[in-house]
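Each remark here refers to the structure printed beneath this line.
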Amino acid sequence: MALDAATRAEFVLQVRRFAEERLRPIEAKVSEDDAIPEDVIADMKALGLYGLSIPEEFGGLGCSMEDEVSVVFELGRVSPAFRSAFGTNVGIGAQGLVMFGTPEQKAKYLPGVASGEIVTSFALTEAEAGSDSASVRTTALRDGEGYVLKGSKRYITNANRAQLFTVMARTDPEKKGGSGVSAFLVPRDLKGISIGKPEKKMGQQGAHICDVNFDDVRLTKDMLLGNEGEGFKVAMQVLDRGRLHISALCVGVAERLIADCVAYAGERKQFGQTLSSFQMIQAQLADSRTESYAARCMVLDASRRRDAGENVTMLASCAKLFASEMVGRVADRAVQIFGGAGYVADYGIERFYRDVRIFRIYEGTSEIQRTIIAREMMKAGG
Ligand code: COS
């Protein structure tokens, strides 16, 4: 599953133009309204973004990981809230189904996911199971031929728009940790599901996270995704992939901020000279460029290795750790270079400064990435 080089280059260019012409002009309004206009969502669907990494046989674009991150680099050049609208369909919401779904499950859902008719969402996190995601308390207990799902999930991206949830729930309460957990494909319209109000967040307005409550929801056995007791591993493999996607987003945002800084430093004059002629400003720009380039190389290398069939658990965590921390530094320098203008809303720099803070937290905090990297190193002996 991959685009040929010419198709990829053309698509990347198309996405760049779409981001620049269609999305960038409405960044401030989307943030203010905390909503992406429906006609923009429709354009994203028409462009194929919802089905980016869904196999072609189901109507998606069939992107490889390298294709996907190449597209996400471009989408990072505008407010990351836009990417969030379809991000769960491309990534964590749908990839469990792509990787572990039965032919029947795939045929039932993937065409709708690819077209964007079905929005997917990934329901792992709970109030008491954040970083310690193996300790989920939501249960799906056997009842006759099926299961009964009970519990609550927290901070679930796109929950308010989703028609299909990948839910991790404990099927064996006797077992502690990941081995008692199973994954399920849960349609939104089942009786007993309720969605909380979107949370008020620090940044990324226009992207929504909500609680999802399951009150004795009856699941049929064909909703089980993968084997019983293997849901935690499904989640971890989905996250390995998702972490590369988020790393690419961090690179894109960093590149946007660097471009804005270079433009501003070339215009703004102090002491009779443009900011760009001051070595202390140049040093900040150079550091940002060097670090974003390093992150881009990491993301591309890990993605190519994943496409070649390598296990990239450690490399995905290295990329996520480095890229998310890198964009935090780049955004901080951007505020500094813009000075007072970086702190007021009109220039949008302070918005990005807030937007990027979540990258060090979601899909695994920096602390969790370091834990995974160290564990993988011990396993591999280096
Ligand atoms: N791929 C495949 N299998 C994996 C895996 C991966 N990336 N990571 C772990 N596993 C397997 C392990 O091999 C182990 O299998 P066995 O029981 O057969 O040995 C099992 O899963 C349990 O793994 P582990 O013992 O490492 O689990 P822990 O609870 O100690 O820790 C961490 C797992 C901390 C790495 C995990 O909970 C995590 O990633 N937490 C962050 C979650 C997250 O990103 N949340 C964001 C929410 S989504 S926006």
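When a ligand or atom number is given, it counts from 1 through the structure's own listing order.
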Going by the 4.0 angstrom heavy-atom rule, the piece of Thr365 near ligand 1 is neither

Looking only at N/O atoms, are Tyr362 and ligand 1 under 3.5 Å apart anywhere?
-> no

Verify the contact flag for atom 12 (C) of ligand 1, where contact means a protein heavy atom under 4.0 Å away.
-> no

Salt bridge (Lys or Arg N to Asp or Glu O under 4.0 Å) between Arg370 and Glu325, intermediate numbers included = CA-CA 12 Å; Arg370 288 187 172 93; Glu325 304 231 329; 3.6 Å; yes

Output yes when Glu20 and Arg17 qualify as a salt bridge under the 4.0 Å nitrogen-oxygen rule, no when they do not.
-> no

Identified side-chain contact (heavy atoms from CB on, under 4.5 Å) counterpart of Val330 within the set Ile258, Val356, Asp287 | Ile258

Contact (N/O only, under 3.5 Å) between Lys379 and ligand 1 | no

Looking at ligand 1, does any of its N/O atoms fall within less than 3.5 Å of an N/O of Ala134?
-> no

Hey, are Ser288 and Arg333 close enough side-chain-wise for a donor-acceptor pair under 3.5 Å?
-> yes

What about Ser133: any of its N or O atoms under 3.5 Å from an N or O on ligand 1?
-> yes

Going by heavy atoms, is Ser131 under 4.0 Å from ligand 1?
-> yes

of all protein heavy atoms, closest to atom 35 (C) of ligand 1 is Ile372 CG1, 3.6 Å

How close does the nearest protein non-hydrogen atom get to atom 22 (C) of ligand 1, and which residue and atom is it?
-> Phe232 CE2, 3.6 Å

Return yes or no for this condition: an N or O of Arg375 is under 3.5 Å from an N or O of ligand 1.
-> yes

Residue pair Asn89 / Thr120, side-chain donor-acceptor N/O under 3.5 Å | yes

Going by heavy atoms in the side chains, are Met298 and Ser247 under 4.5 Å from each other?
-> no

Look up atom 40 (N) of ligand 1 and tell me if a protein heavy atom lies less than 4.0 Å from it?
-> yes

Would Arg296 count as a cation-pi partner of Phe73, with NZ or CZ less than 6.0 Å from the six-membered ring centre and within 45° of the ring normal?
-> yes

Can you pull out the closest protein heavy atom to atom 34 (C) of ligand 1? Residue, atom name and distance to 0.1 Å, please.
-> Ile368 CD1, 3.9 Å

Take the angle between the ring planes of Tyr264 and Phe338 and call it parallel below 30°, perpendicular above 60°, tilted in between.
-> parallel

Positive for side-chain contact (heavy atoms from CB on, under 4.5 Å) with Ser182, one of Glu230, Glu228, Arg170 | Glu228

Flag the pair Leu300 / Val69 as yes when at least one side-chain heavy-atom distance between them is below 4.5 Å, and no otherwise.
-> yes

Per-residue contact class, Leu239 against ligand 1 - non-hydrogen pairs under 4.0 Å | side chain

With a 3.5 Å cut-off and no angle check, do the side chains of Asp211 and Ser152 form a donor-acceptor pair?
-> no

Under-4.0 Å salt bridge between Arg351 and Glu27 | yes

For ligand 1, which atoms sit closer than 4.0 Å to a heavy atom of Gly364?
-> 43 (C), 44 (O), 46 (C)

Element-labelled atoms of ligand 1 that are located less than 4.0 Å from some non-hydrogen atom of Thr125 = 47 (C)

How about atom 46 (C) of ligand 1: does it have a protein heavy atom within less than 4.0 Å?
-> yes

Side chain or backbone of Arg243 under 4.0 Å from ligand 1, or both, or neither, by non-hydrogen atoms?
-> side chain

the protein heavy atom lying closest to atom 3 (N) of ligand 1 turns out to be Lys233 CG, 4.0 Å

Do any nitrogen or oxygen atoms of Asp240 come within less than 3.5 Å of a nitrogen or oxygen of ligand 1?
-> yes

Flag this pair as yes if the NZ/CZ of Lys45 is under 6.0 angstrom from the six-membered ring centre of Tyr50 and inside a 45 degree cone about the axis; otherwise no.
-> yes

Heavy-atom protein neighbour under 4.0 angstrom from atom 1 (N) of ligand 1 | yes

Just which atoms of ligand 1 are under 4.0 Å from any heavy atom in Thr313?
-> 7 (N)

Identify the protein heavy atom lying closest to atom 10 (N) of ligand 1, giving its residue, its atom name and the separation to 0.1 Å.
-> Met236 CG, 4.2 Å

